[in-house]
Amino acid sequence: MADSEGNERSKQTAIINHAADEGDEKSLAEIQKAKNEGKELTKEEKLRLRKEKKQQKKGKKDDKGPTEKAPVKEKTANPPASSQPVTQNAAQKAPSAVSVPVSESTAPTDKSAKSKAELKAERRARQEAERASKQAKKEPGSQAPSSKSKAPPSELQPAVKRLPEHIQVDDPAVVRKLAKKLERQQKSGQGTSLNVSRVKIPLRSDYGYKVSLFSHLHQYSRKAPLTQQISIPATVIHPSIVRLGLQYSQGIVAGSNARSVALLHAFKQVIQDYSTPPNEELARDLVNKLKPYISFLNQCRPLSASMGNAIKYIKKEISNIPSQCKEEEAKKKLLSCVDSYVNEKITLAAKGISKYAIDKISDGDVILVYGCSSLVNHILCEAFEKQRKFRVIVVDSRPRLEGREALRRLVNRGIRCTYVLISAVSYVLPEVSKVFLGAHALLANGYVMSRVGTSQIALVAKAYNVPVLVCCETYKFCERVQTDSFVSNELDDPDDLIVTRKGKTHLADWQSETSLGLLNLVYDVTPPDFVDLVITELGMIPCTSVPVVLRVKNVDQ
Amino acid sequence: MNKLVEYFRTQMSQDPDVASAVAAIRSLLEFLKRDQSETILGLRENLTKAIGRLQEADSSVAVSSGGELFLRFISLTSLENPDLSQCRNMMIERGELFLKKISLSRGKVAKLCHTFIKDGAKILTHSSSRVVLKVLESAAADKKRFTVYVTESQPDSAGKHMADKLRKLNIPVTIVLDAAVGYIMEKVDMVIVGAEGVVESGGIINKIGTYQMAVCSKAHNKPFYVVAESFKFVRLYPLNQQDVPHRFKYKADTLKTAEDLNQEHPIIDYTPPSLITLLFTDLGVLTPSAVSDELIKLYL
């Protein structure tokens, strides 16, 4: 075994030493063969990485640097674009993932779509391009084709997107990259003159066995919050952010609106305590300061779509601050921006939505709600105050049992409520006249992402011909497209599923059972065919009009 | 105000071919010309009141939507001119422009739709719709051969009028009972109906019996086409039949005189967008989900 490995290594180093154009293809083929023999990929990875770097350096040295890259990109973009649908194959991601440090374009960085054959094709394409450009050097007339081929890459590049890191947990290269990024972020926040112990934003480690279909997602344990791994004093991360992260990871602050509002308040605190270091511009420095905070919060609990939109807004506002603006003024302006965002998009939007929704509630209605949505509770309380006569059926589900909170709030107002678990929903639906659901996010293809169990309720309601109304503010609309609940989701602590009845806990040592996995999903997506109406502060729209609203909003901004 | 309603009724009786919304808009334009108010706000208030009175006279959805769109269209210009009469003249100009545009809309719809009628087609339609008549007229003028089945459409037997008009155009037509829609569905190739109103969800409000026809056509996999002008788009979003406001469901006289509305027969029903294949409007051929897009453009 060692001998053959040694042989492999010497072969491959020889290959690298011969990194000539003509020899490349052949050596590539050899590497491919070696791989196909089923050797460990890590060594291959490293060697390939070295090879790639050498090739890139060669490419950069070349005179026709840009024009060379363009045809290369065109041809490399073609294979990844064509295999775009084959995205989530873990086994094939590893080798291609590392060959990524090309900073210029996004086309070759689509890690997940490459397979060995495609890499071969890419290399071949690169060779041909280099040969062509060498010929072009001799014949200036052939500049035209290389410049023409520049146009298609720009068309193809938008089609190839980078996959977000939080859904590539089973790819070790991506995890390493993320760890490096976190290290880099904390370093950027420190001045070189300070002699403080460097505090890393730690990478939270996954916990427990993950069900294979969801192995690309993170699964953390609540008993090991990120804050335990940070030493005191944590000078890089603002204390209000640390507190917020802890509140997120322990589930103290939960619910889409609550999380966004808490985030914005914490950012207000950060902005107030911020002071521009000398020789730095507030606009750029503050945005850089926020990056490690956002990574930290992401590690505590994956960001929601609404939080993402809020962060985008804040970053835009910060970068729009003119450079001659004084610090105090700028801070005041930012604080008022944050306040107006919370007011407009959340508080006033809720009022607008209740106005439309109350029109849809008539006397004698029986309304079904699921879980605890702050917006739906607000609507029902307002309707009750406007003297509408209705009663509510609250549907709840384990392990979060959020329905109890909703029940508490509604009963305190004096609304007549019934409480059932989700398993009884088809029993209770014949007497229901409307279903009101909240949403975590509305996706660009009209799908509704909400608490797990929502799509089940919408499905059963459709079967009974009961209208389903989704209430959602427009700041939760996101440009993402998703057709199933597997691709992008959140896994909660699996220990939550363990229940103790009469002193007996049967699942206490579930980890020792190798064939047992506990799955605690947080979100699911509901297709637009099951949703009859979406109520936003802009009005009542059908589910398919979400991209229209996004378009109108973009025009406004 | 009473003169307004009289004018409206004379318009309707003089020209039986005109859509009720067009007649309403003509009356509103006359009202605007004769209006005596001193301020723009007063003018708008008077117009809103006038629209309300017209709705009381004729409770169709089209009058309500046409009136609202008229109001929006004329006030879409900048009315900053300090001279009131100039503002009023500008509004009247825009009103005339609006009227001209919508008078042409029926022709545009017919041009789009008649190409969908193939030679030898059998078409089913419901009650009497002037737009559908125009469509069939253009198809006949295009030398296409087709037969038409019309439902009787009680309680006012409007189907008989439709059949008479079609016979005058030499189109072979058969009258069927309302109850025979399921029976006849397997024979026909497509269903074309008009609409009194097109709602935000992409569904339509039309003479009672349309919903049944839509359900049957879905069950038989026959295309269900709706032809409607764009001024019929209305800002309503019914979830089901019960959610349609009472002022549209019953005739204006019934609303005033009836004691218990539950004992009265509604004259319209709501067809949800999932049963409609395509809508032909003067804005183009739309799928039901595109209606919301157009509405947002019209109203926002």
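Keep in mind it's a predicted model, so treat the numbers as computed, not measured. Below, chain A is the first sequence line, B the second, and so on; all start at residue 1.
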- Item | Inter-residue atom distance Asp359(A).CG - Tyr237(B).OH, 0.5 Å rounding |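 So the CG of Asp359(A) and the OH of Tyr237(B) are separated by 14.5 Å.
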
- To the nearest 0.5 Å, what is the distance between CD1 (Ile541(A)) and CG (Leu295(B))?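 Those atoms lie 12.0 Å apart.
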
Give a yes or no on this: more than 12 heavy atoms of other residues, nucleotides or ligands lie within 6.0 Å of atom [atom1] of [X].
| X | atom1 | result |
| --- | --- | --- |
| Lys108(B) | NZ | yes |
| His265(B) | NE2 | no |
| Lys251(B) | NZ | no |
| Gln212(B) | CD | no |

- Query: Are Pro467(A) and Asn240(B) close enough that some pair of their side-chain heavy atoms sits under 4.5 Å apart?
  - Reply: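 Sidechains of Asn240(B) and Pro467(A): in contact.
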
- Of the non-hydrogen atoms in Ser289(B) and Thr544(A), which two are nearest, and what is the gap between them?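 Closest approach of Ser289(B) to Thr544(A), heavy atoms only: CB-OG1, 3.3 Å.
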
- Identify the heavy atoms of Met540(A) and Glu200(B) that sit nearest to each other, and give their distance.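 Answer, listing the atom of Met540(A) first, then Glu200(B): O-OE1, 2.8 Å.
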
- Query: Side chain, backbone, both or neither: which part of Pro238(B) has an atom under 4.5 Å from a heavy atom of chain A?
  - Reply: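 For Pro238(B), the backbone is the part near chain A, not the side chain.
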
- Item | Salt-bridge contact Asp243(B)-Lys434(A) (side-chain N to carboxylate O under 4.0 Å) |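 No, no charged N to carboxylate O under 4.0 Å.
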
